[in-house]
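The structure appears below as structure tokens.
All values below were derived from every heavy atom in this structure, side-chain atoms included, with hydrogens, water molecules and symmetry-related copies excluded.
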Amino acid sequence: MLDVSLAHVSFARGDFALHDINLTFPASTHTAIAGPPASGTTTLLDLIAGKIRPSSGEIRFGTRVVNDVGESRRPLLHVTSSLDVPERWSVRHALVAAVRRRTLDRIDRQREYDLAIEKWKLGALAVRTIRTLSSSERTLVHLARIELLRPGILVADRLLEHLNAAALDEVADAFFRTLRVAGTTVISAPSARAELGATDRVVVLAAGRVVQQGTAAQIYAEPLDEASALATGSVNAIPVTVNGTTVDSIIGTWDVDHPPFQGSGVALVRPEAFSIARPGEESDLIVAVEEATFESGRWLVHALLSGGITLRVSLPAEVRMHKGKLLALSCAAANFPLIERSVEAPPTSVPTDAIPPMSSSR
């Protein structure tokens, strides 16, 4: 197995550019490339795959520089969410064509084919043509083909994008666990945050630059940038002003020992950082419930502060919830990461059921 490395790689096309990318992808590991739209994730994968060439810098597979080596000659498999086989083929034809590309005898090819059919529950689909399959069914066939091909390096761009959301966690775990056992080096742009749990490392891009890298848990706990926070979960970017050691915001004022900047910025606040204030406990803020959905055993609430500022808040299932309900919340504001940047006026929304102040209703 080969390490993949990029040294001072840059790429420019039109108004977009990747700037001085220095990364190593160790053999037999799984690295996710994440970031907001137009951050450069697909461009970076295309550079590694050989679809495009860097403007400067070097891409190496092992010790070999591959800048001028085309995609078809690189020892990798580059895939997207599209199943790249003729629409007229049957599922059986597509899988047999994949396993025949490996140096196996007839008995082993049949065994590998049977295992793929059983694992991905494709028996009922085997005789159907690709054109008759749903998006989720195509994805399962796609995953079975990749496993049968057993690539040494897999470059995957939003591979699971068309998978049914209800099956995403289970399918992603089964697929990436199989590749890990096979020793495949996986470099992927995930289609959903759920895929990050199967990775060894996450690299976050923003505006064509690497802004943070580490495990998904590390980046979630200590994001260095708003893009990093969003890549690993939901977050509220709350405008703040830092003056000395005092931080002032719409959710209150607090002190920090060593603020990272002075002036304007944002506090990155996870929805689960809020909790219901207990009886007799002083609350940090009062919000009105505008919308609430129940996900993974918790309430995900869109709550409104005074002035129509919206917060996303995660609360336990036992909290009784209805639109317009007022909630007294507490939070450990001193632990929120502070990011320096110019701040626009925060977006506001008008509550439909929250009771207006008495002065405005007279």
Side-chain angles (χ1 to χ4, degrees), residues 19 34-36 39 193 202-207 209-290 298 300-316 319 326-349 351 354 357:
H19 308 276
S39 61
R193 295 187 188 115
V202 179
V203 174
V204 182
L205 298 182
R209 300 181 186 275
V210 175
V211 294
Q212 191 170 359
Q213 54 183 305
T215 67
Q218 288 169 344
I219 295 175
Y220 184 89
E222 298 181 2
L224 301 179
D225 184 274
E226 193 171 342
S228 301
L230 287 170
T232 52
S234 296
V235 70
N236 297 290
I238 297 176
V240 299
T241 301
V242 182
N243 185 9
T245 60
T246 301
V247 182
D248 186 50
S249 78
I250 58 173
I251 64 170
T253 300
W254 64 93
D255 291 326
V256 292
D257 291 334
H258 303 288
F261 62 90
Q262 295 291 303
S264 297
V266 293
L268 301 180
V269 186
R270 299 291 187 185
E272 58 270 28
F274 299 100
S275 60
I276 297 291
R278 292 172 297 194
E281 179 184 14
E282 185 176 348
S283 64
D284 295 303
L285 64 158
I286 305 293
V287 297
V289 175
E290 174 65 8
R298 292 182 67 86
L300 184 59
V301 181
H302 286 249
L304 295 169
L305 278 165
S306 175
I309 308 302
T310 302
L311 291 179
R312 284 169 292 181
V313 179
S314 177
L315 297 173
V319 178
L326 297 179
L327 299 173
L329 302 179
S330 296
C331 59
N335 297 326
F336 298 156
L338 300 174
I339 307 297
E340 182 178 16
R341 68 170 170 83
S342 58
V343 179
E344 300 176 356
T348 62
S349 58

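At a threshold of 4.5 Å between non-hydrogen side-chain atoms, the residues I238 and I251 count as touching. At least one side-chain heavy atom of V240 sits less than 4.5 Å from a side-chain heavy atom of W254. Two residues are said to be in side-chain contact when any heavy atoms from C-beta on lie closer than 4.5 Å; R298 and P316 meet this criterion. L327 has its side chain out of reach of I286: every pair of non-hydrogen atoms, C-beta onward, lies at least 4.5 Å apart. Side-chain contact between I339 and E226 is absent, with no heavy-atom pair separated by less than 4.5 Å. The shortest side-chain heavy-atom distance between V266 and L338 does not fall under the 4.5 Å cut-off. Between V319 and I276, some side-chain heavy-atom pair lies under the 4.5 Å cut-off.
For the pair G244 and V242, the tightest heavy-atom approach, listed with the atom from each and the gap, is O-CG1, 3.8 Å. A pairwise comparison of heavy atoms in P271 and S234 identifies CD-O, 3.2 Å as the closest pair. Across all their heavy atoms, A227 and P36 have their closest contact at CB-CD, 3.8 Å. Closest non-hydrogen pair, L315 versus F274, comes out as CD2-O, 4.2 Å.
With sequence neighbours excluded, the residues forming a side-chain hydrogen bond (donor to acceptor under 3.5 Å, both in side chains) with R270 are T232, listed by chain and number.
Interatomic distance, D284 CG to S275 OG, rounded to the nearest 0.5 Å: 8.0 Å. Taking CZ from R209 and NE2 from H19, the interatomic distance works out to 4.5 Å, rounded to the nearest 0.5 Å.
For the side chain to side chain contact (heavy atoms under 4.5 Å, CB included) with L311, the lone residue among L285, L304, V301, L329 that qualifies is L285.
With a 6.0 Å radius and a threshold of 12 heavy atoms from other residues, nucleotides or ligands, E281 has its CD atom above the threshold. In this structure, N243 places its CG atom where only 12 or fewer heavy-atom neighbours from other residues, nucleotides or ligands lie under 6.0 Å away.
A distance-only check finds a donor-acceptor pair linking the side chain of Q218 to the backbone of T215 [under 3.5 Å]. Judged by distance alone, with hydrogens and angles left aside, the side-chain atoms of Q212 form no donor-acceptor pair with the main-chain N or O of S228 at under 3.5 Å.
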Please walk me through it: do V210 and L205 pass side-chain contact (heavy atoms from CB on, under 4.5 Å)? CA-CA 5 Å; V210 175; L205 298 182; 3.6 Å; yes
Checking side-chain contact (heavy atoms from CB on, under 4.5 Å) for the pair V313/V287: CA distance, chi angles, key distance, verdict? CA-CA 10 Å; V313 179; V287 297; 5.5 Å; no
Give the intermediate values and the outcome of side-chain contact (heavy atoms from CB on, under 4.5 Å) for residues V247 and V256. CA-CA 7 Å; V247 182; V256 292; 4.0 Å; yes
Criterion side chain to side chain donor-acceptor pair (under 3.5 Å) on D248 and T241, from CA distance to verdict: CA-CA 5 Å; D248 186 50; T241 301; 5.7 Å; no
